[in-house]
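What follows is a short report on a single structure.
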Amino acid sequence: MHPSQTTVLLAESAGAMRQALASQLEAAGFARVLQAKDGQRALQILRSEPVQVVLADIDMPVHNGLEVLEAMRAEPRLASLPFLLMSGGLDRASAAKAIQLGIDDLLIKPFTTRRLLERMQRVLTRGAAAPASEPAPDVDGSADRATLLVVDDTPDNLQLMAGLFRDRFKVKVAQSGEKALSICQSDAPPDVILLDVMMPGMDGFEVARRLREHHTSEYTPIIFVTAITDEMARHKGLSLGAIDYVFKPIDPELLKLRVGNLMVYVEHRKQLQKDFDLLRENAQLRSEVQRLRGDLQRLQAPAGA
């Protein structure tokens with residue numbers, strides 16, 4: 001089914017995140033994007049509006065994403081409706097339940113717009129058994145390395161911090177908050193961000209707030225790097241979702257350790273997506289084998305049996 005003929009139900013409790021996703025889907029040419037802020041509203045829309053595909057977050061009030069899926073599968077009119085679940089992290093038991101309920105795909109946050117559209121198109125064309133395509137590797141192989149974004153309005157600071165990590169990571173730099181957002185909300189976002197607080201125009205706190213409102217950067221780890229040492233500023237930074245707070249002048253070895261520890265967290269999140277894809281592929285394979293066995297038994301059954 002082509003996007004221009006497709007109505008999407010988008011269920012996401014965070015208003016800014018929901019609007020960002022809706023804007024991306026509309027820009028991609030989907031005919032209609034209906035929005036629900038909780039599971040109860042999602043079910044109300046499904047029972048009253050024609051919808052071709054559901055994109056729902058697992059963490060919603062009233063009914064979470066899995067409860068919405070379970071309710072859909074129990075209603076004949078909704079039972080076969082394609083369903084994509086979004087999650088910041090899914091334990092193995094929940095993943096197994098989602099597969100058992102007939103989930104069509106899972107998107108582990110953060111995810112790029114490209115990945116979102118690829119997986120939605122794959123579900124709509126019923127080609128969900130194949131893994132989603134990924135960006136082609138760089139000529140130098142750097143696409144295989146994690147990416148670090150350094151954001152600072154001072155060129156000397158950018159050069160210093162970027163130089164600490166170029167031997168281990170792919171490093172991007174930005175001298176303004178606007179440039180940082182552009183990089184983070186692209187189809188090649190960073191895995192970890194080192195973010196200065198005091199910058200002209202959009203400061204680091206505002207950058208962090210906006211990052212948490214977009215699906216490509218909602219869960220991207222942020223380390224604030226700043227000369228501001230008062231406790232109120234530190235509390236504000238952490239309340240905006242920063243993982244760590246480093247004071248200038250920086251201790252290079254300590255910063256390397258902190259970034260290295262966060263990259264372990266990043267790899268864990270990436271592995272969650274790979275693990276789910278493998279679980280689902282195996283479940284589909286088992287289902288297909290069982291179907292083929294049933295067909296074979298029917299063919300072998302004596303006539304009139």
Side-chain angles (χ1 to χ4, degrees), residues 10-25 27 33 35-38 55-61 64-65 84-90 106-116 146-153 172-174 176-199 201-226 228 232-246 258-259 261-270 272-273:
L10 171 61
E12 162 68 62
S13 59
M17 179 71 63
R18 188 172 64 249
Q19 190 54 55
L21 284 164
S23 297
Q24 296 289 343
L25 294 171
V33 181
Q35 299 184 36
K37 65 180 181 179
D38 57 49
L55 176 64
D57 189 46
I58 192 171
D59 294 318
M60 294 189 294
N64 65 35
L84 290 85
L85 187 69
M86 301 178 289
S87 175
L90 204 63
L106 171 73
L107 285 161
I108 295 291
K109 297 179 179 180
F111 52 82
T112 64
T113 298
R114 174 178 174 175
R115 175 170 289 184
L116 167 65
T147 301
L148 177 71
L149 173 64
V150 182
V151 187
D152 199 300
D153 64 305
K172 298 181 179 182
V173 297
S176 69
E178 292 83 0
K179 179 63 175 177
L181 288 176
S182 175
I183 293 172
C184 291
Q185 295 173 2
S186 71
D187 279 329
D191 295 299
V192 171
I193 305 167
L194 295 180
L195 179 58
D196 186 29
V197 173
M198 297 179 64
M199 295 187 294
M202 187 186 303
D203 67 15
F205 292 141
E206 179 63 14
V207 173
R209 186 186 68 79
R210 296 197 188 186
L211 288 173
R212 295 309 183 224
E213 293 179 347
H214 199 276
H215 55 89
T216 61
S217 53
E218 181 184 7
Y219 286 88
T220 305
I222 298 170
I223 299 177
F224 276 116
V225 183
T226 180
I228 303 175
M232 286 185 64
R234 182 173 180 273
H235 183 272
K236 182 175 181 179
L238 294 175
S239 70
L240 288 168
I243 300 295
D244 211 341
Y245 212 92
V246 175
R258 286 175 165 172
V259 170
N261 289 339
L262 279 181
M263 287 301 183
V264 173
Y265 162 84
V266 166
E267 289 305 315
H268 172 69
R269 299 192 73 82
K270 290 181 178 180
L272 285 175
Q273 183 74 68

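Side chains included, hydrogens not; waters and symmetry mates left out as well; all remaining heavy atoms used. Here the structure is a predicted model, which is why all the values come from computation and not from measurement. Heads up: numbering here begins at 1 and tracks the sequence.
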[X] side chain near [Y] side chain, heavy-atom distance below 4.5 Å:
| X | Y | result |
| --- | --- | --- |
| L116 | L25 | yes |
| V151 | V207 | no |
| T220 | P189 | no |
| H215 | T113 | yes |
| L10 | M86 | yes |
| I222 | L240 | no |
| V192 | I243 | no |

What's the spacing between [X] [atom1] and [Y] [atom2] if we round to 0.5 Å?
| X | Y | atom1 | atom2 | value |
| --- | --- | --- | --- | --- |
| I58 | L85 | CD1 | CG | 5.0 Å |
| K37 | R18 | NZ | CZ | 8.0 Å |
| Q19 | Q24 | CD | CD | 11.0 Å |

Suppose we screen for side-chain hydrogen bond (donor to acceptor under 3.5 Å, both in side chains). Which residues come up paired with [X], at least two apart in sequence or across chains?
| X | value |
| --- | --- |
| E267 | none |
| K270 | D191 |
| S217 | none |

Review point. Does G15 offer a backbone N or O that forms a donor-acceptor pair with the side chain of E213 under 3.5 Å?
Key: no

Test of understanding: with salt bridge (Lys or Arg N to Asp or Glu O under 4.0 Å), list the residues that count as partners of [X], not counting sequence neighbours.
| X | value |
| --- | --- |
| D38 | none |
| R212 | none |
| K109 | E12, D57, E218 |
| E206 | R209, R210 |

Partners of [X] by side chain to side chain contact (heavy atoms under 4.5 Å, CB included), sequence neighbours excluded?
| X | answer |
| --- | --- |
| I223 | L194, V225, D244, V246, R258, V259, L262 |
| K179 | A174, S176, I183 |
| A188 | K172, S186 |

**Study point:** Y245: partners by ring-ring contact (aromatic ring centres under 6.0 Å, His included), with sequence neighbours left out
**Key:** F224, F247

